[in-house]
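Throughout, protein chains are lettered first and strands after them, A, B, ... in sequence-line order, and every chain is numbered starting at 1. Remember, it's a predicted structure, so these values are computed and weren't measured experimentally.
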Protein chains: 4
Amino acid sequence: MALQKTTPTKDKREAIIETMLDLVVERGFHDAPMSLLAKRAGASAGVIYHYFASKDEVIHAVYLHVKSLKLQSMLENQLPNSSFKQAYLQMYVNAYNFYRTHLRETRFLDLYENSTFCDANPPTPAADLQPDIAEFMKSFRPKSEGGVLKNLPLPAIYEFAFGTARQLAKKDLVLDSSELKNVALASWAAISDD
Amino acid sequence: MALQKTTPTKDKREAIIETMLDLVVERGFHDAPMSLLAKRAGASAGVIYHYFASKDEVIHAVYLHVKSLKLQSMLENQLPNSSFKQAYLQMYVNAYNFYRTHLRETRFLDLYENSTFCDANPPTPAADLQPDIAEFMKSFRPKSEGGVLKNLPLPAIYEFAFGTARQLAKKDLVLDSSELKNVALASWAAISDD
Amino acid sequence: MALQKTTPTKDKREAIIETMLDLVVERGFHDAPMSLLAKRAGASAGVIYHYFASKDEVIHAVYLHVKSLKLQSMLENQLPNSSFKQAYLQMYVNAYNFYRTHLRETRFLDLYENSTFCDANPPTPAADLQPDIAEFMKSFRPKSEGGVLKNLPLPAIYEFAFGTARQLAKKDLVLDSSELKNVALASWAAISDD
Amino acid sequence: MALQKTTPTKDKREAIIETMLDLVVERGFHDAPMSLLAKRAGASAGVIYHYFASKDEVIHAVYLHVKSLKLQSMLENQLPNSSFKQAYLQMYVNAYNFYRTHLRETRFLDLYENSTFCDANPPTPAADLQPDIAEFMKSFRPKSEGGVLKNLPLPAIYEFAFGTARQLAKKDLVLDSSELKNVALASWAAISDD
DNA sequence: AATGAATGAGCCTTCATTCAT
DNA sequence: CATGAATGAAGGCTCATTCAT
């Protein structure tokens, strides 16, 4: 009996986050009223403020939730002894697939990062990363900084890499795995001499 | 006499557009009230509705204005008999420079394109372009479609091309012309086999 | 025609102030909702914010209004060449009468001065006074400070003087002019040796 | 055993009362939410309603608490065979000292008595007093009513007496014992011919 | 007794838009 | 063309109170 309930409190908190995600994606931040959030999440207008201090906090919580989901996806399917290039290509594919299969979340990220919400806390790329890929990140730099990539500014490298994966995933077309592999290789061609 | 006429009316219309651009960039769409727009544009709340049917229309007009500015910039400094690669690299540089020197406008584009405003009229790449570069565009395609580029999906090509120019221009770092050239070449490496 | 209208705008502003005075006195600051203020003042909820920045500002305006009324009353019926004592007694009577006939305003003052509203701007007695009575005020001090009154702390003098007039005016009983004169004399006995 | 019992329950009740006193003084009646009261009193939002029927009841209880404290103070330091004047002056000093050393409580009284809370039950002066001073009160009246004081309306007498003590105690200045004695004498001059 | 999540009415304020002048 | 007072629906948020546990 006791087992069955995953903490009713956590459930409500998550329902609110999940509902806000939907709402924001469907209608934008400013057309996502707390009243509607409440109704759709099956809560009263008041309780939300039991879990979150303000609308902004709810939105921030959605962001944290999405970011964590994303990070998790990025690290999937890595073979233990793969080369750096292999690891990179796999990660590119992961990124694309995550964005592709989480259009709601991706759309939210776009909205959030283009809003005035996160002007204070810019998502440091490094902060996004877990120890697991610390080693990967060491190589993921221009040669001039001890990495293995072309001597391009780091932001440029990021852009040719995961930036393009994200932009592409949002397009209407769906890449099959062969096309995706080509795109990943094109991205590799942009950032690496090998 | 007739010449002189254009001014007062056009000026006010333009003042409104320009002011809305500022406002939106500074504060976001939903913190850009018509009342403030009026005050800053030196107009009354009422007159704005003589020039535009609604707030949305003002914003749409800003978008058109910015898009036209951008297109103009893209075509600069093209030498008459340059190779396709040369033309491409120049255009990449143009794009970067436009975004770089029009951060306000670029920010507006980001906001606009990420808003629920233009969900109906997605900016078709082709629609952006003027006859001048019709010929350029013929080559700017995968070989499989009669162009000269890698066999990648067109949106992917766009993304590796101008998409990256735009993303990079928004970063804090400013590329000097040598770095920029390298980046343009990296982009070329992504999309072309040559 | 034009003569008849005392500026419709001023009228509405004043209607709002007057209505807020009523409301606050009847129900207290926190049971005087803007919605009710609007309804009773014959305005929409929105316009009030055309005239005042916030509820607090409305209340502040009421205070200024009341303070000005009060000052005016204090200076009435002063004979040109009366002695200081005569002037004082008249002023005491004026104060009593003002408070007595402006119970609404007096009640408002009590509420306002006991609220957290004016914690910042404590009504300096001196600031309340106009040049007219500058000379009177010179004498209205303890001898030790160049005045003609007992050597009591100034606030004590104020309290025995106008403080008591105000407190008394709020009581249920109404003093007739002979009783009032006695009270004024009692107050004089408290502050003066003559 | 029975003795020990009083503690836990009474303590919580008192903690609530004491905390509400603080809260109201710090923030006013309407910025003293039950939720905050609960937190600061170390109770849950719910239990408060086991001890009090409503927020208003809590506030009423605070008032009763403060009034009882005050009465106790008023009667201190009375010498057995002192004259009426001596007794009066001592009481004046007591009053001043109570208010002076209980600014929190005094502030609460001001707020309470100026609120819409107690419009029904105005604190009858007589009701404030205990048998101990019944005799004192017999003399504390105008001659015309069998007392020993000036023929002034009773409320006027009260006002010149303890009213001024209270007002003065709230001022920033602190009277030393000699100044305080002078003030008490000034008050005596206002109400007595002797 | 005690907890604290839940309710929901109501508050202050904003703002796109209209319209008499 | 221009003004700016006026509207009124909505929005975010608070808080006294209740009630299942």
Side-chain angles (χ1 to χ4, degrees), chain A residues 7-13 29-39 41-59, chain B residues 8-9 12-13 29-39 42-59, chain C residues 5 7-13 29-39 41-58, chain D residues 8-9 12-13 29-39 42-59:
Chain A
T7 322
T9 267
K10 267 247 157 153
D11 280 1
K12 182 148 284 179
R13 222 191 102 97
F29 287 118
H30 294 277
D31 202 21
M34 294 299 269
S35 51
L36 185 54
L37 173 62
K39 192 178 300 175
S44 73
V47 239
I48 300 180
Y49 292 87
H50 199 76
Y51 296 98
F52 303 95
S54 65
K55 182 177 178 179
D56 282 20
E57 292 271 295
V58 178
I59 288 167
Chain B
T9 271
K12 183 148 284 180
R13 222 190 101 95
F29 287 118
H30 294 277
D31 200 20
M34 295 297 268
S35 52
L36 184 54
L37 173 62
K39 190 182 300 174
S44 74
V47 242
I48 299 181
Y49 289 84
H50 272 281
Y51 296 100
F52 303 94
S54 68
K55 181 176 178 180
D56 282 20
E57 291 275 294
V58 178
I59 287 167
Chain C
K5 55 155 76 173
T7 321
T9 266
K10 268 245 157 156
D11 280 2
K12 181 148 282 179
R13 222 192 102 97
F29 287 117
H30 295 278
D31 200 22
M34 295 299 268
S35 52
L36 185 54
L37 173 62
K39 193 180 299 176
S44 74
V47 239
I48 300 181
Y49 291 85
H50 199 76
Y51 296 99
F52 303 95
S54 65
K55 181 177 179 180
D56 281 22
E57 292 271 296
V58 178
Chain D
T9 273
K12 183 148 283 178
R13 224 192 100 95
F29 287 118
H30 294 276
D31 200 21
M34 295 298 267
S35 53
L36 185 54
L37 174 63
K39 191 183 299 176
S44 75
V47 243
I48 299 183
Y49 289 84
H50 273 279
Y51 296 100
F52 303 94
S54 68
K55 181 177 179 180
D56 282 20
E57 292 274 295
V58 178
I59 288 167

Task: Between C1' of dA20(F) and NE2 of His50(D), the distance in whole Å - done: 13 Å
Open item on the list: So, OP1 or OP2 of dA6(F): does either fall under 4.0 Å of a side-chain N or O from Lys12(C)?
Closed with: yes
- [ ] For Tyr49(C) and for Val47(B), locate the closest nucleotide of DNA chain E by heavy-atom distance; then report the residue assigned to the nucleotide nearer the 5' terminus.
- [x] Tyr49(C)
Task: Residues in side-chain contact (heavy atoms from CB on, under 4.5 Å) contact with Tyr49(B), at least two apart in sequence or another chain - done: Met34(B)
Open item on the list: Just to verify, what does Ser44(C) make a side-chain contact (heavy atoms from CB on, under 4.5 Å) with, not counting sequence neighbours?
Closed with: Val47(C)
Task: Close side-chain approach of Tyr51(B) and Glu57(B), heavy atoms under 4.5 Å - done: no
Open item on the list: From CD of Glu57(A) over to P of dG12(F), roughly how many Å is that when rounded to an integer?
Closed with: 15 Å
TODO: Would you kindly give the OH-to-P distance between Tyr51(C) and dG4(F), to the nearest whole Å?
DONE: 12 Å
For nucleotides 9-11 of chain E, which of its nitrogen or oxygen atoms have a protein nitrogen or oxygen under 3.5 Å away, and what is each distance?
none

Task: Earlier contact from the 5' end, DNA chain F, for Ser44(B) and Ser54(A) - done: Ser44(B)
- [ ] Toss me the dot-bracket line for DNA chain F: Watson-Crick and G-U wobble, both under 3.5 Å, 5' to 3', using | for pairs to another strand and [ ] for crossers.
- [x] .||||||||||||||||||||
- [ ] Considering non-hydrogen atoms only, spot the tightest contact between His30(C) and Lys55(C) and give its length.
- [x] CA-NZ, 4.4 Å
TODO: Using atom CG of Leu37(A) as one end and atom C1' of dA10(F) as the other, report the distance to the nearest whole Å.
DONE: 16 Å
- [ ] List for me each residue that meets side-chain contact (heavy atoms from CB on, under 4.5 Å) alongside Ala45(A), sequence neighbours excluded, and say none if there are none.
- [x] none
Task: ring pair (Phe, Tyr, Trp, His ring centres under 6.0 Å) partners of His50(B), counting only residues at least two apart - done: none
- [ ] Round to the nearest Å and state the distance from Lys39(A) atom NZ to dG11(F) atom C1'.
- [x] 14 Å
Open item on the list: How many whole angstroms separate atom CZ of Phe52(D) from atom C1' of dT18(F)?
Closed with: 18 Å
Open item on the list: Both Gly42(A) and Ile48(D) contact DNA chain E. Taking the nearest nucleotide for each, which residue is further toward the 5' end?
Closed with: Ile48(D)
Open item on the list: With nearest nucleotide decided by heavy atoms, which residue, Ala43(C) or Phe29(A), maps closer to the 5′ end of DNA chain F?
Closed with: Ala43(C)
